[in-house]
Amino acid sequence: MVFPTHRPRRLRRTEALRAFVRETTLTPRSFVYPLFVRPGSNVKEEIRSMPGNYRWSVDLLVDECKAAHDLGIPAVILFGLPETKDEAASGAYDPEGIVQRAVRALKKAVPKLLVICDVCLCEYTSHGHCGLVKNGEIDNDSTLELLAKTALTQAQAGADIVAPSDMMDGRVGRIRAELDAHGFTHLPIMAYSAKYASAFYGPFREAADSTPQFGDRKSHQMDPANQREALREIALDIEEGADIVMIKPALPYLDIIALARRQFDVPIAAYQVSGEFSLIEAAAKMGWVDRERIIMESLCSIHRAGADIILTYFAKDAARTLA
Ligand code: PBG
């Protein structure tokens, strides 16, 4: 009965028709480019597990960010590799820490670029955990104090947004209070709200040298099997004052993005993480997939599912493709 009257192929016959009825349009305006910053000068050290990504010294980071901004990418998110690591993660909240120095240099050289700072202790602790370890466990409440100090020093350095990725309970509220108490009532928080305990972070941990020396992150990051719990985490973060909420990883968790899009009215970000990146790069290198098409298709899917903002190591490539 429906066929032959209804023929969906009619609207797919030419590119003009397809473009005319296309539902999702990707633009670099929603991209965030993640970058790693390390001490030294004139250093551009390739990350073995993430080809085309580097640990940059501040001077070269500035050039890379200028190049990204020129391609229409509005924002970067910074991860720091400190000179030294210790149990108290001092490098995270040192006003002269590596990220704080990078933010100052970037805001001076590329003032219109949004500089987002990841707030977590794992890159700064000697044991690689996201918080203070007491009796073999990550202590939630004492960790909050250090996270708040970290976010404050990043704000003081000129960060445009702070992005807690630690998954401690109550951190958004604690950071909001710290920022407000020091005159940063205007500074947005982008919370990694539904962050899963994922094997897709493997290459990042090599990049940031943040693999836990014992145990794993399952006591604070979410169980990949859970969907309802993600909505609860997001709702709590919004109540605590999150301005943007994030789901991470992206492609394996499109259901979470889609559900969150329906349930909440705040902007939603999704992080196409290191493992998602490296899988594509590796398969492309083997000649098994079309690199450019698979990059654009994965980003389009993340956007179609409901993410307004996409953090991606492909930001520059995708921006070039879209230009
Ligand atoms: C924690 C943090 C991680 C990532 C972003 N922030 C690592 C982790 O939780 O182990 C992962 C990002 C990626 O894999 O690209 N500071």
Side-chain angles (χ1 to χ4, degrees), residues 7-36 46-54 64-77 79 116 194 196 198-204 206-207 224 246-261 267-323:
R7 291 178 182 268
R9 287 184 60 192
R10 280 183 202 124
L11 294 178
R12 293 181 205 136
R13 200 168 48 82
T14 66
E15 176 51 24
L17 282 166
R18 289 190 292 273
F20 191 54
V21 297
R22 189 159 292 142
E23 298 174 35
T24 307
T25 309
L26 213 51
T27 126
R29 272 185 295 118
S30 65
F31 292 164
V32 180
Y33 181 28
L35 289 160
F36 301 91
E46 185 157 26
I47 299 160
R48 203 181 46 89
S49 56
M50 298 176 69
N53 287 270
Y54 304 85
E64 178 68 0
C65 288
K66 271 189 199 144
H69 196 239
D70 287 345
L71 286 168
I73 296 163
V76 295
I77 183 163
F79 299 97
I116 306 175
Y196 285 87
S198 172
F200 284 90
Y201 309 148
F204 176 95
E206 183 187 316
M246 195 200 298
I247 288 134
K248 178 188 171 188
L251 212 55
Y253 296 86
L254 291 184
D255 59 323
I256 311 297
I257 298 173
L259 277 172
R261 176 69 295 154
I268 290 176
Y271 198 147
Q272 182 181 49
V273 300
S274 57
E276 297 177 71
F277 168 85
S278 298
L279 287 179
I280 291 175
E281 288 294 0
K285 196 172 161 192
M286 295 299 284
W288 292 341
V289 295
D290 179 327
R291 182 176 181 275
E292 183 179 303
R293 283 190 59 204
I294 213 165
I295 291 172
M296 300 318 285
E297 184 178 333
S298 61
L299 293 172
C300 177
S301 300
I302 294 163
H303 187 40
R304 187 197 64 232
D308 308 290
I309 296 164
I310 305 176
L311 293 83
T312 174
Y313 300 96
F314 292 122
K316 280 172 65 194
D317 290 280
R320 270 192 221 104
T321 302
L322 293 168

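Side-chain atoms of Tyr271 and Pro34, non-hydrogen and from C-beta on, do get closer than 4.5 Å to each other. Residues Tyr33 and Cys65 have side chains not in contact (no heavy-atom distance under 4.5 Å, counting atoms from C-beta outward). By the 4.5 Å heavy-atom criterion applied to side chains, Leu71 and Arg320 are counted as neighbours. Counting heavy atoms from C-beta outward, Met246 and Leu311 have side chains that approach closer than 4.5 Å. A 4.5 Å side-chain heavy-atom check between Met296 and Cys300 finds every atom pair outside the cut-off. Between Glu64 and Val76 there is no side-chain heavy-atom pair separated by less than 4.5 Å. The side-chain heavy atoms of Asp308 and Arg261, taken from C-beta on, include a pair separated by under 4.5 Å. By the 4.5 Å heavy-atom criterion applied to side chains, Phe277 and Thr312 are not counted as neighbours.
Annotation: Glu46, atom CD; neighbour count of heavy atoms from other residues, nucleotides and ligands within 6.0 Å is above 12. No more than 12 heavy atoms of other residues, nucleotides or ligands lie within 6.0 Å of CZ in Arg29, so this atom counts as exposed by the packing criterion. Within 6.0 Å of the CZ atom in Arg18, the count of heavy atoms belonging to other residues, nucleotides or ligands exceeds 12.
To the nearest 0.5 Å, the span separating CD1 on Ile268 from CD1 on Ile302 amounts to 13.5 Å. The CZ atom of Phe314 lies 4.5 Å from the CD atom of Glu281; values are rounded to the nearest 0.5 Å. Atom CD1 of Ile77 and atom CD1 of Ile309 lie 10.5 Å apart (nearest 0.5 Å). Note that CG of Leu251 is 7.5 Å distant from CD1 of Ile280, once rounded to the nearest 0.5 Å. The line from CG of Leu322 to CG of Asp317 is 11.0 Å long, rounded to the nearest 0.5 Å. To the nearest 0.5 Å, atom OG1 of residue Thr25 and atom CD of residue Glu23 are 10.0 Å apart.
Minimum interatomic distance between Ile247 and Ala260 (heavy atoms only, all atoms of both residues): CD1-CB, 3.8 Å. For Ala307 against Ile257, the heavy-atom pair with the smallest separation is N-CG2, 3.5 Å. Across all their heavy atoms, Pro203 and Ser274 have their closest contact at CD-OG, 3.5 Å. Closest approach of Leu299 to Ala318, counting heavy atoms only: CD1-CB, 3.5 Å. Minimum interatomic distance between His303 and Thr24 (heavy atoms only, all atoms of both residues): CD2-CG2, 3.3 Å. Residues Ala315 and Val32 approach most closely at CB-O, 4.4 Å, considering heavy atoms.
The distance between the ring centers of Phe36 and Phe204 falls below 6.0 angstrom.
Proximity of a side-chain donor or acceptor of Glu276 to a complementary backbone N or O of Pro249 within less than 3.5 Å is not detected. Side-chain N or O atoms of Tyr313 include none that pairs as donor or acceptor with a backbone N or O of Pro51 at under 3.5 Å. At distances below 3.5 Å, at least one donor-acceptor pair connects side-chain atoms of Ser278 with backbone N or O atoms of Ser49.
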#### Entry: Evaluation steps, side chain to side chain contact (heavy atoms under 4.5 Å, CB included), between Phe31 and Leu26
CA-CA 9 Å; Phe31 292 164; Leu26 213 51; 4.2 Å; yes
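Comment: Arg48 engages Glu206 in a salt bridge, judged by a side-chain N to carboxylate O separation of less than 4.0 angstrom. Classification of Glu15 and Arg22 as a salt-bridged pair holds, one side-chain N sitting under 4.0 Å from a carboxylate O.
Checked against Glu292 for a side-chain contact (heavy atoms from CB on, under 4.5 Å), the options Ile295, Asp290, Val289 give a single hit: Asp290.
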